[in-house]
Amino acid sequence: MTDHIVSRLRALEVETPSWGYGDSGTRFATFTQAGRPRTVLERIDDAAEVHRLTGTAPAVALHFPWDAVDDLSALRAHAQALGLRIGAVNPNLFQDPDYKLGSITNPDVRIRDKAVAHLLECVGIARELGSSAQSLWFADGTSYAGQDDLRGRRARMLDCLARVYEALPAEQELLLEYKPYEPAFYATDLADWGSALLACQRLGERAKVLVDLGHHLPGANVEQIVAILAQEGRLGGFHFNNRKYGDDDLIVGSTNPWELFGIFVELGDDLPRLTIDQSHNVERKVEAMVLSVVNLQEAYAKALLVDREALAAAQAAGDVLGGHEVLLDAFGTDVRPRCASARAALGAAEDPVAAFRSGDWQERAIAQRGEDVAVAGGWGR
């Protein structure tokens, strides 16, 4: 059993996000750190360090225009030289002032066409970078009743998405993310997994739902959502993070490790795209990303320990606590030695966090990139 688990752990792959290595903050302030990456190439350098330490992060997701460069082939070559590939491409349709009232749902056809043009641009970018997915999240929504026609907004959204889906090359899929609120507070145009699923079913087989762990109302059973989407063949992937109240984007597994374990239990042998999406406001970026990858490895290892036969038998017999205890046994197991063995077999660090802390990456980054830390600012700074 141990060899099987170590073998499966060695095959685990996680995408880390370029935006997770740069400056971040809250609605009140943006906090900068000494040695922070100044360019997308340096963000990829940081991602390569996370992969070196963990052995499980061979892809980096990019965000455009944040990661825009003049030479996409050079960007791709830089990643490949570091042993990485480009993961999902994430278009940005939430910062341009034109999108104040929405992007692909905006009442103004000129703004909708502008949004679609950016989405199609990202399809071309992904083709040049060797990416196999468009990862779409829209801030579109309304903050007041009567602000806009809800049915009209949905019709505009589906029309724009259909134009993008039609242009997708065969090697790319469309991942559609949902969120119940923020920045819109009355109605988000893609508010939940059901609305995202319906849109994907309208678009075609290569349109799938992306689950962000922070994009649910309190009390939502994310494991059940995962089970439904997987059963329908429409689970496209995850944005892993953790939450206490809202879309907190905390370190993966930091507040609700049981939920993370439960998700992997539901996934079983069929793992979709696994991407980290977190915002490190006060912690060191690379170290925090390493810890998130480690937490994913451990949650996956625990899920692999579940005695599926005993679980099925307890469920068939109506043994309520028996089934629960099967999961508790796996969740309570110390899987760190197995994870360390898997990492060692991959040539990575047995204890990645300790290796980062004892290494000189942070000092070298500061020496190369500078110590300058800007004064923390609020929105727009």
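- His63 places no side-chain N or O within 3.5 Å of a backbone atom of Ser18 that could act as its donor or acceptor partner.
- Distance CE/Met157 to OG1/Thr105: 8.0 Å, rounded to 0.5 Å.
- The closest side-chain donor-acceptor pair between Thr54 and Gln297, if any, does not fall under 3.5 angstrom.
- Salt-bridge check for Glu15 with Arg273: passed, with a basic side-chain N closer than 4.0 Å to an acidic carboxylate O.
- Summarising the hydrophobic clusters (Ile, Leu, Val, Met, Phe, Trp, Tyr; side-chain heavy atoms under 4.5 Å, direct or chained), the residues clustered with Val40 are Leu41, Ile44, Val60, Leu62, Phe64, Val69, Leu72, Leu75, Leu82, Leu84, Ile86, Val89, Ile125, Leu129.
- Atom CZ of Arg110 is surrounded by 12 or fewer heavy atoms from other residues, nucleotides or ligands within 6.0 Å.
- Hydrophobic clustering places Val293 together with Phe240 (ILVMFWY residues linked when any side-chain heavy atoms are closer than 4.5 Å, directly or through intermediates).
- Side chain of Arg343 to backbone of Ala349: a donor-acceptor contact under 3.5 angstrom is found.
- Using modelled atom types and a 3.5 Å distance limit, the side chains of Asp23 and Thr32 yield no donor-acceptor pair.
- Contact annotation: the side chain of Gln172 approaches that of Arg127 to within less than 4.5 Å [non-hydrogen atoms, C-beta and beyond].
- In this structure, Ser131 contributes its side chain and Gly87 its backbone to a donor-acceptor pair below 3.5 Å.
- In this structure, Tyr178 contributes its side chain and Leu197 its backbone to no donor-acceptor pair below 3.5 Å.
- Below 30°, between 30° and 60°, or above 60°: for His215 and Trp137 the angle between ring planes is between 30° and 60°, a tilted geometry.
- Looking at heavy atoms from C-beta onward, Glu177 lies out of side-chain contact with Asn90 at the 4.5 angstrom threshold.
- Within the structure, salt bridge (Lys or Arg N to Asp or Glu O under 4.0 Å) pairs that include any residue of residues 286-295 comprise Arg284-Glu287, Glu287-Arg357 (at least two apart or interchain).
- Under the rule for a side chain to side chain contact (heavy atoms under 4.5 Å, CB included), the partners of Pro17 that lie at least two apart in sequence or sit in another chain are Trp19, Ile276, Met289.
- Within the 4.5 Å cutoff, the side chain of Glu13 has heavy atoms near those of the Arg85 side chain.
- Sorted by first and then second residue, the salt bridge (Lys or Arg N to Asp or Glu O under 4.0 Å) pairs involving residues 184-204 (not counting sequence neighbours) are Arg153-Asp189.
- Between Phe238 and Leu296, every side-chain heavy-atom pair lies at or beyond the 4.5 Å cut-off.
- Between Phe138 and Ser103 there is a side-chain heavy-atom pair separated by less than 4.5 Å.
- With salt bridges taken as basic N to acidic carboxylate O contacts below 4.0 Å, none links Asp212 and Lys179.
- Residues Leu203 and Leu120 share a single hydrophobic cluster, defined by chaining ILVMFWY side chains whose heavy atoms lie under 4.5 Å apart.
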Query raised in the report: Where do Gln134 and Val123 land on the side-chain contact (heavy atoms from CB on, under 4.5 Å) test, with the steps shown first?
Result: CA-CA 7 Å; Gln134 296 291 316; Val123 170; 4.0 Å; yes
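- Going from atom CG of Leu93 over to atom CG of Asp98 covers 11.0 Å, rounded to the nearest 0.5 Å.
- The main-chain N or O of Leu327 is never found under 3.5 Å from a side-chain atom of Asp329 such that the two would form a donor-acceptor pair.
- The hydrophobic cluster containing Leu267 also contains Ile228, counting ILVMFWY residues as joined when their side-chain heavy atoms lie under 4.5 angstrom apart, directly or transitively.
- The two residues Gly268 and Arg308 make their nearest non-hydrogen contact at CA-NH2, 3.9 Å.
- At least one donor-acceptor pair closer than 3.5 Å links the side chain of Arg112 to the backbone N or O of Asn106.
- Residues Leu346 and Leu9 form no side-chain contact, since every pair of their non-hydrogen atoms from C-beta on lies 4.5 Å or further apart.
- Remark: Arg336 CZ is loosely packed, at most 12 non-hydrogen atoms of other residues, nucleotides or ligands lying under 6.0 Å away.
- The two residues Cys200 and Arg234 have their closest heavy-atom pair at O-NH1, 3.2 Å.
- Annotation: Gln224, atom CD; neighbour count of heavy atoms from other residues, nucleotides and ligands within 6.0 Å does not exceed 12.
- Rounding to the nearest 0.5 Å places CZ of Arg10 at 6.5 Å from OG of Ser7.
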Requested in this report: Test side-chain contact (heavy atoms from CB on, under 4.5 Å) on Asp148 and Leu101 and set out the steps.
Outcome: CA-CA 9 Å; Asp148 200 359; Leu101 299 180; over 6 Å; no
Query raised in the report: Given Leu271 and Tyr300, is the side-chain contact (heavy atoms from CB on, under 4.5 Å) satisfied, shown in steps?
Result: CA-CA 10 Å; Leu271 297 183; Tyr300 182 47; 3.7 Å; yes
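- Ion pairing of Glu166 with Arg163 is absent here, as no side-chain N (NZ or NE/NH1/NH2) approaches a carboxylate O to less than 4.0 Å.
- Hydrophobic clustering (ILVMFWY, side-chain heavy atoms < 4.5 Å, transitive): Tyr181 and Leu136 are in distinct clusters.
- In this structure, Leu174 and Val164 approach most closely via the heavy-atom pair CD1-CG1, 4.3 Å.
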Going by atom type alone, with no hydrogens or angles, which donor-acceptor pairs under 3.5 Å involve a side-chain atom of residues 253-264 and a protein atom two or more places apart or on another chain?
from: Ser254; atom 1: OG; to: Ile251; atom 2: O; distance (Å): 2.7
from: Thr255; atom 1: OG1; to: Asn242; atom 2: OD1; distance (Å): 3.2
from: Thr255; atom 1: OG1; to: Asn242; atom 2: ND2; distance (Å): 3.3
from: Thr255; atom 1: OG1; to: Arg243; atom 2: O; distance (Å): 2.8
from: Asn256; atom 1: OD1; to: Glu259; atom 2: N; distance (Å): 3.1

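- Asp96 pairs by the side chain to side chain donor-acceptor pair (under 3.5 Å) definition with Lys114, not counting sequence neighbours.
- In the hydrophobic clustering of this structure, Leu311 groups with Leu328; members are Ile, Leu, Val, Met, Phe, Trp, Tyr whose side-chain heavy atoms approach within less than 4.5 Å, directly or through other members.
- Between Arg8 and Asp269, at least one side-chain nitrogen of the basic residue sits less than 4.0 Å from a carboxylate oxygen of the acidic one, meeting the salt-bridge criterion.
- Between the side chain of Ser341 and the backbone N or O of Pro337 there is at least one donor-acceptor pair closer than 3.5 Å.
- To the nearest 0.5 angstrom, Arg52 atom CZ is 4.0 Å from Glu49 atom CD.
- Between Ala88 and Ser135, the closest heavy-atom pair is CB-CB, 4.0 Å.
- At least one side-chain heavy atom of Tyr21 sits under 4.5 Å from a side-chain heavy atom of Val50.
- Pairing each heavy atom of Gln147 with each of Ser143, the nearest pair is OE1-N, 2.9 Å.
- Cation-pi check for Lys302 over Phe331 is met; the charged atom lies under 6.0 angstrom from the ring centroid and within 45 degrees of its normal.
- One finds the OG1 atom of Thr16 at 11.5 Å from the CG atom of Asp277 (value rounded to the nearest 0.5 Å).
- If you take CH2 on Trp193 and CD on Glu232, they are separated by 8.0 Å, rounding to the nearest 0.5 Å.
- A heavy-atom distance below 4.5 Å is not found between the side chains of Ser132 and Glu173.
- Heavy-atom contacts from other residues, nucleotides or ligands closer than 6.0 Å to CD of Glu309 number 12 or fewer.
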Requested in this report: Would you check, one step at a time, whether the test side-chain contact (heavy atoms from CB on, under 4.5 Å) holds for Asp46 with Arg43?
Outcome: CA-CA 5 Å; Asp46 286 359; Arg43 290 191 282 275; 5.6 Å; no
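- At a threshold of 4.0 Å, the pair Arg364-Asp45 does not count as salt-bridged, since none of the basic side-chain nitrogens sits closer than that to a carboxylate oxygen.
- Heavy atoms only, all atoms of each residue included: Gln278 and Leu250 are closest at OE1-O, 3.6 Å.
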